[in-house]
> 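Below is one structure. I have some questions about it.
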Amino acid sequence: MTTRTFRITVRGVFDGLTPEQHADLQSRAAEHDILFAAFTPEGHLSYDLNARAVFTFRYQDTGEAEEDILDATERAEQSARAWLDERGYGHKNLRSQAEDLSQAPLGKRQRRAAAKEL
């Protein structure tokens, strides 16, 4: 059986941040810039409080079967919630989206390479 790679995006909105929490997030904004966003096993957080109070966590996980994406999504949501709760950051509208890369359509270059292999 092959290993499947899942990409999970967990989005939400910061809610009820204290001035201190807002200042802390602002001071660390450079390390959470969207330009450095990546899907990682531990999750990568990005936000831009100057634009709006939304955030995105990006996770990468694996599984053996198609159904494993549900467990991976649950782990990602729990991880995001734990990170926020540990720091006391209020949040709302937490939602997630997951993609099984084995089911993703091939890009133009990948289709050409696959056709050459045949």
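Hydrogens, waters and symmetry mates are skipped; everything else that's a heavy atom, side chains included, is used.
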> Looking only at heavy atoms, which two atoms of Leu17 and Gly90 are closest? And how far apart?
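Looks like CD2-N, 4.2 Å.
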> Taking all non-hydrogen atoms of both residues, which atom of Thr62 and which atom of Phe6 are closest, and how far apart?
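Minimum heavy-atom separation between Thr62 and Phe6: C-CE1, 3.6 Å.
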> Residues two or more places apart in sequence or in another chain: which of them pass side chain to side chain donor-acceptor pair (under 3.5 Å) with Thr5?
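In terms of side chain to side chain donor-acceptor pair (under 3.5 Å), with neighbours along the sequence ignored, Thr5 is linked to no residue.
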> Within this structure, what is the OG-CD distance for the pair Ser96 and Glu74, rounded to the nearest 0.5 Å?
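With rounding to 0.5 Å, OG (Ser96) is 8.5 Å from CD (Glu74).
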> State which residue, out of Asp68, Asp100, Asp71, fulfils the salt bridge (charged side-chain N to carboxylate O under 4.0 Å, His left out) condition with Arg4.
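The option that passes is Asp100.
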> Determine whether Gln21 and Phe14 satisfy the following criterion, side chain to side chain contact (heavy atoms under 4.5 Å, CB included), listing intermediate values before the conclusion.
CA-CA 10 Å; Gln21 290 171 324; Phe14 290 114; over 6 Å; no
> Under 3.5 Å, which donor-acceptor pairs link side chains of residues 29-37 to any protein atom two or more places apart or in another chain?
residue	atom	partner	partner atom	Å
His32	ND1	Leu45	O	3.1
Asp33	OD1	Leu35	N	2.7

> In Å and rounded to the nearest 0.5 Å, what is the CG to NE2 distance from Asp85 to His91?
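Answer for the CG-NE2 pair, Asp85 versus His91, is 4.5 Å.
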> Excluding sequence neighbours, so at least two apart, what forms salt bridge (Lys or Arg N to Asp or Glu O under 4.0 Å) with Glu42?
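Residues passing salt bridge (Lys or Arg N to Asp or Glu O under 4.0 Å) with Glu42: none at all.
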> Check for a donor-acceptor pair, side chain of Tyr47 on one end and backbone N or O of Leu25 on the other, with a separation under 3.5 Å.
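Such a contact is found between Tyr47 side chain and Leu25 backbone.
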> What pairs with Arg11 under side chain to side chain donor-acceptor pair (under 3.5 Å), at least two apart in sequence or on another chain?
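Partners of Arg11 under the side chain to side chain donor-acceptor pair (under 3.5 Å) test: none.
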> Step by step, would you call Arg7 with Arg58 a side chain to side chain contact (heavy atoms under 4.5 Å, CB included)?
CA-CA 7 Å; Arg7 286 186 171 177; Arg58 290 172 179 80; over 6 Å; no
> Looking at every heavy atom in both Phe55 and Leu84, which two are closest together, and how far apart are they?
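Shortest heavy-atom separation between Phe55 and Leu84 comes out as CZ-CD1, 3.5 Å.
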> Flag the pair Asp61 and Arg75 as a salt bridge only when some basic side-chain nitrogen lies within less than 4.0 angstrom of an acidic carboxylate oxygen.
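Yes, this pair counts.
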> Specify whether Tyr59 and Phe57 have parallel, tilted or perpendicular ring planes, treating 30° as the upper limit for parallel and 60° as the lower limit for perpendicular.
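Plane angle under 30°, so parallel.
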> For Arg52, does the CZ atom sit with more than 12 other heavy atoms under 6.0 Å from it, leaving out its own atoms?
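For Arg52, atom CZ is not crowded (no more than 12 foreign heavy atoms under 6.0 Å).
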> With heavy-atom distances below 4.5 Å as the criterion, would you say the side chains of Glu64 and Thr3 are in contact?
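When only atoms from C-beta onward are counted, Thr3 and Glu64 do touch, with a gap below 4.5 Å.
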> Do you reckon Leu49 sits in the same ILVMFWY cluster as Val10, going by side-chain contacts under 4.5 Å, direct or chained?
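Per the 4.5 Å side-chain linkage, Leu49 and Val10 are co-clustered.
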> Asp48: what forms a salt bridge (Lys or Arg N to Asp or Glu O under 4.0 Å) with it, not counting sequence neighbours?
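By the salt bridge (Lys or Arg N to Asp or Glu O under 4.0 Å) rule, Asp48 matches no residue at all.
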> Output all residues satisfying side chain to side chain donor-acceptor pair (under 3.5 Å) with Tyr89, sequence neighbours left out; order by chain, then residue number.
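Testing Tyr89 for side chain to side chain donor-acceptor pair (under 3.5 Å), a comparison that skips the adjacent residues, returns Asp24.
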> Yes or no on side chain to side chain contact (heavy atoms under 4.5 Å, CB included) for Gln26 and Asn50, after CA distance, side-chain angles and deciding distance?
CA-CA 8 Å; Gln26 285 289 74; Asn50 291 325; 3.0 Å; yes
> Indicate the atoms forming the closest heavy-atom contact of Asn93 with Arg95, along with that distance.
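Looking at all heavy atoms of both residues, the shortest contact is O-NH1, 3.0 Å.
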> Would Ile69 end up clustered with Phe39 when hydrophobic side chains under 4.5 Å apart are linked, directly or stepwise?
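No, Ile69 and Phe39 fall in different hydrophobic clusters.
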